[in-house]
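Notes follow the structure.
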Amino acid sequence: MSGTGPLGAAGAVLRRDLTLFFRHRSDIINPLLFFIIVVTLVPLGVGPEESTLRVMAPGVVWVAALLAAMLSLEGIFRSDFDDGSLEQLVISPQPLALLVLAKVFAHWLVSGLPLVVLGPVLGASLFLPDRAMGTLVLSLLLGTPILSLIGAIGVALTVGVQRGGVLLSLLVLPLYIPVLIFGASAVSSAAAGLPVIGPLALLGALLALALTLAPLGAAAALRISLS
Amino acid sequence: MKRVQRGEVAIPTSITRRLWAFFHRLASPRYFYELAGKLVPWLGWGTVLLLAAGLYGGLWFAPADYQQGDAYRIIFIHVPAAWMSLFVYVLMAGAGFIGLVWRIKIADVVAKTCAPIGASFAFLTLCTGSLWGKPMWGTYWVWDARLTSELILLFLYLGYIALESAIEDRRTAARASSVLALVGVVNIPIIHYSVDWWHTLHQGPTVFKLGGPSISLDMLVPLLLMTLAFKLFFFTMLLVRARTEVLEREANSAWVRETVTSQ
Amino acid sequence: MTSFHEFIHMGGFAFYVWTSYAIFALIFAWNVFQPLFHQRRVRERLARRSRGMPR
Amino acid sequence: MGRFRPGAETDRFGIRIAASGNGVHVTLCRPGRRPCIWLHLATAGTVADKATVDDRPEIAALARRAPRLEARALECVRNDRVLFHDLDAALEPGQVLQVEGPNGCGKTSLLRILCGLSLPGAGEVYWGDAPLPEVRAEYYEALAYVGHRHGVKGELTPIENLRFHRALAGGTPDRVPGDALAHLGLEGFEDVPCRTLSEGQRRRVALARLLMTRRPLWILDEPLTALDRSGVAVVEGLIRDHARSGGMVMITTHQAIRLEGCVLGRLRLGG
């Protein structure tokens with residue numbers, strides 16, 4: 001076997017990124033702390049009454065998850081760009097889109113999945129009814145990969161720009177709106193006992209679209225940003 | 001001329017060759033600069049005429065609406081601006097795509113100069129929309145599906161302009177923002193659908209029919225005139241901005257030095 | 001529209017209609033004059049630069 | 001801390017987290033099946049490392065296409081400054097081409113264009129008489145590039161860096177990470193995170209990548225920076241061996257490199 005094929009390379013990228021993330025824990029922990037803090041700010045601002053918080057719970061948890069996911073996007077390409085290993089990825093014979101998908105998957109495992117796990121805990125703190133917990137987890141499970149995938153395109157576009165953080169949020173947030181709408185409405189429908197299959201199906205469709213197109217877009221954006 | 005059988009269209013090769021030659025020459029910045037220079041006055045006067053006719057028709061000639069009285073006259077700038085803001089974004093994405101794939105410099109120039117005009121249209125749509133909302137819905141801003149989509153479109157424009165100006169190298173900036181415009185144009189229908197879906201979910205469909213069941217002719221004519229006027233205005237200012245951009249990009253070439261110092 | 005007074009009054013919605021058209025005029029004016037000023041500035045900069053280093 | 005032996009059968013189900021000398025690895029063991037490493041955060045010496053390559057086929061023969069790099073009428077403009085214009089260059093197997101020129105004359109830009117990383121303003125790069133965009137995958141199988149930013153991850157150890165590079169690059173494996181590092185004078189530093197190494201040592205780890213897979217074309221952007229005398233000698237030896245066995249090297253450096261018995265071409269850039 002003359003060296004590993006594309007899948008081997010993608011696996012190597014995934015393992016390397018996970019190793020890097022686990023050796024540099026602060027990149028993982030900070031967005032999660034941000035997620036928790038933002039959600040705890042809401043009752044302080046709006047008032048602790050259960051009635052108001054219960055109505056706002058789905059929206060608050062989803063907006064906080066979206067912001068936390070966006071905060072951690074820098075970690076996908078920034079360190080590779082700084083030390084030059086991003087160029088090695090671009091000139092490797094393996095398809096760049098697949099390597100980007102591996103990097104985004106590693107980033108999601110480290111930043112998106114914890115949001116899914118933390119979601120119900122914070123939902124409960126906002127008096128989200130128990131019957132909505134399942135839908136909250138499912139909607140976050142479908143939604144956070146889309147956030148990472150679309151965010152990867154934004155990060156790939158702004159990787160060459162110094163202080164690209166604010167610019168990244170301006171590019172990426174409008175594209176996050178459909179995910180927010182479907183995610184939050186799925187959870188609020190569940191809270192109200194309404195059927196949730198509609199918004200969740202639409203989230204699944206967005207995920208399918210993002211999974212197929214986003215890596216190609218991010219790969220093209222990377223080649224452009226590096227040139 | 002080859003005998004044309006029924007049902008088979010034979011475009012004489014001379015026309016296709018001339019068409020291709022035209023586009024090919026258009027790609028050369030100098031030819032584009034001169035052609036644009038000749039077109040701008042004509043388009044400018046056309047815009048002025050159409051605007052005058054449209055405004056006269058819309059503000060003076062058209063009857064008051066049976067529901068809203070004269071407040072509806074804002075549509076004569078609100079609706080054309082909304083259509084144009086979407087049209088310009090799609091045009092920008094198309095020009096970006098051409099520039100990205102075939103590396104035609106003029107396409108990048110057109111894409112870059114489209115953005116500010118499109119953004120101003122989107123902003124105009126939002127302002128007139130909220131001013132129109134006050135008499136109709138009682139508040140300046142209501143999370144109506146169309147207004148929210150327009151607001152998001154404005155953010156897409158601002159994101160495009162911010163990315164274009166953030167990257168120093170001109171060519172990289174053009175190619176990066178073309179990718180962003182393509183991603184944006186794919187997302188516009190999704191955003192539009194999701195906002196409509198979200199709107200109907202929370203507030204139910206707002207029944208708003210423009211001026212009764214069917215818009216009367218003397219309302220429709222000014223609207224079409226204004227839409228044409230907006231389109232012509234857009235192309236005029238696009239060419240003006242594009243000529244400046246061409247001058248800047250071709251600053252090193254001799255013809256630019258000559259045209260700049262000749263005036 | 002019959003009289004000029006009615007035209008100004010706009011059936012009670014004068015403020016909204018005319019503010020909208022004022023913003024419309026402002027935005028169109030900006031769209032017309034900003035590029036023209038920019039073009040003049042660019043021409044002057046390029047003229048100075050090309051006179052500065054005649055090739 | 002037992003050394004991990006792949007392939008050992010286990011009868012009980014569970015996740016074993018073994019912290020070995022250089023990090024943690026999490027192994028998923030399933031009864032009756034080989035334990036599959038679910039999260040492999042560090043690598044103990046696994047069997048796969050000991051791959052040795054006995055025969056050394058002629059390097060140039062590795063490229064599917066007749067290995068010949070050529071640039072025709074290249075032009076590069078960096079924010080309105082023309083760095084070079086109408087530039088032609090060619091590189092044949094067995095040749096070393098040194099790109100010289102003052103700082104800021106576009107040496108790095110030229111190399112990045114030849115690597116296909118950035119687009120030339122005008123002109124075209126040919127690999128085996130075919131334009132680069134058409135044979136991009138083939139070209140990248142034949143190219144090894146060490147740029148100004150050498151691409152060594154500070155958090156990983158040299159061994160991990162090289163192993164990752166080999167998995168990424170694919171192609172016929174040449175030396176084993178341990179040997180490559182030893183060749184570059186990095187014995188004893190194999191398991192130390194690269195951020196604790198000096199800049200010169202990190203540069204050596206990057207250059208050790210060249211020994212990991214056999215590539216006909218090397219493009220090195222100032223490989224001698226931060227290297228001491230012994231490092232420079234090692235790199236010159238690498239280039240000499242590579243060129244002698246039919247490989248091609250394009251190098252930018254300010255120091256004069258001594259390459260006896262190799263065809264050394266010079267390409268002058270900038271005034």
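What you see is a predicted model; the values in this text were computed from it and never measured. Per chain, numbering begins at 1; letters A, B, ... match sequence-line order. Values reported hereafter were calculated over all heavy atoms of this structure, with side chains retained and with hydrogens, waters and symmetry mates removed.
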Residue pair [X] / [Y]: nearest heavy atoms and the distance that separates them:
| X | Y | answer |
| --- | --- | --- |
| A:Leu167 | B:Ala166 | CD2-CB, 3.6 Å |
| A:Ser225 | B:Thr172 | CA-CG2, 4.4 Å |
| B:Ala176 | A:Ile224 | N-CG2, 3.6 Å |

Taking the side chain as every heavy atom from C-beta outward, state whether [X] and [Y] have any atom pair closer than 4.5 Å.
| X | Y | answer |
| --- | --- | --- |
| A:Ile181 | B:Trp197 | yes |
| B:Arg175 | A:Ser227 | yes |
| B:Ile190 | A:Leu175 | no |

Interface moiety of A:Leu202 toward chain B, non-hydrogen atoms closer than 4.5 Å: side chain
In terms of heavy-atom proximity below 4.5 Å to chain B, should A:Leu173 be classed as side chain, backbone, both, or neither? neither
For chain B, find which of [options] contributes the most heavy-atom pairs closer than 4.5 angstrom.
| options | answer |
| --- | --- |
| A:Gly154, A:Ala214, A:Pro199, A:Gly160 | A:Pro199 |
| A:Ala221, A:Gly217, A:Ser185 | A:Ser185 |
| A:Leu171, A:Val161, A:Leu157 | A:Leu157 |

Heavy-atom count check: over 12 atoms from other residues, nucleotides or ligands less than 6.0 Å from [X] [atom1]?
| X | atom1 | answer |
| --- | --- | --- |
| B:Phe235 | CZ | yes |
| A:Leu44 | CG | yes |
| B:Phe123 | CZ | no |

Here the gap from B:Tyr160 atom OH to A:Leu170 atom CG, rounded to the nearest 0.5 Å, amounts to 14.0 Å
Quick check on B:Leu182 against chain A: is it the side chain, the backbone, both or neither that has a heavy atom closer than 4.5 Å? neither
Can you name the one residue among B:Ile188, B:Leu156, B:Asn187 that meets side chain to side chain contact (heavy atoms under 4.5 Å, CB included) with A:Pro174? B:Leu156
Output the option from B:Val179, B:Asp169, B:Leu163 having the highest count of non-hydrogen pairs under 4.5 Å with chain A.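 Among B:Val179, B:Asp169, B:Leu163, the one with the most close pairs to chain A is B:Leu163.
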Between B:Leu180, B:Ile167, B:Val186, B:Val195, the one whose heavy-atom pairs under 4.5 Å with chain A are most numerous: B:Leu180
Over 60° means perpendicular and under 30° means parallel, so tell me whether A:Phe182 and B:Tyr193 are parallel, tilted or perpendicular. tilted
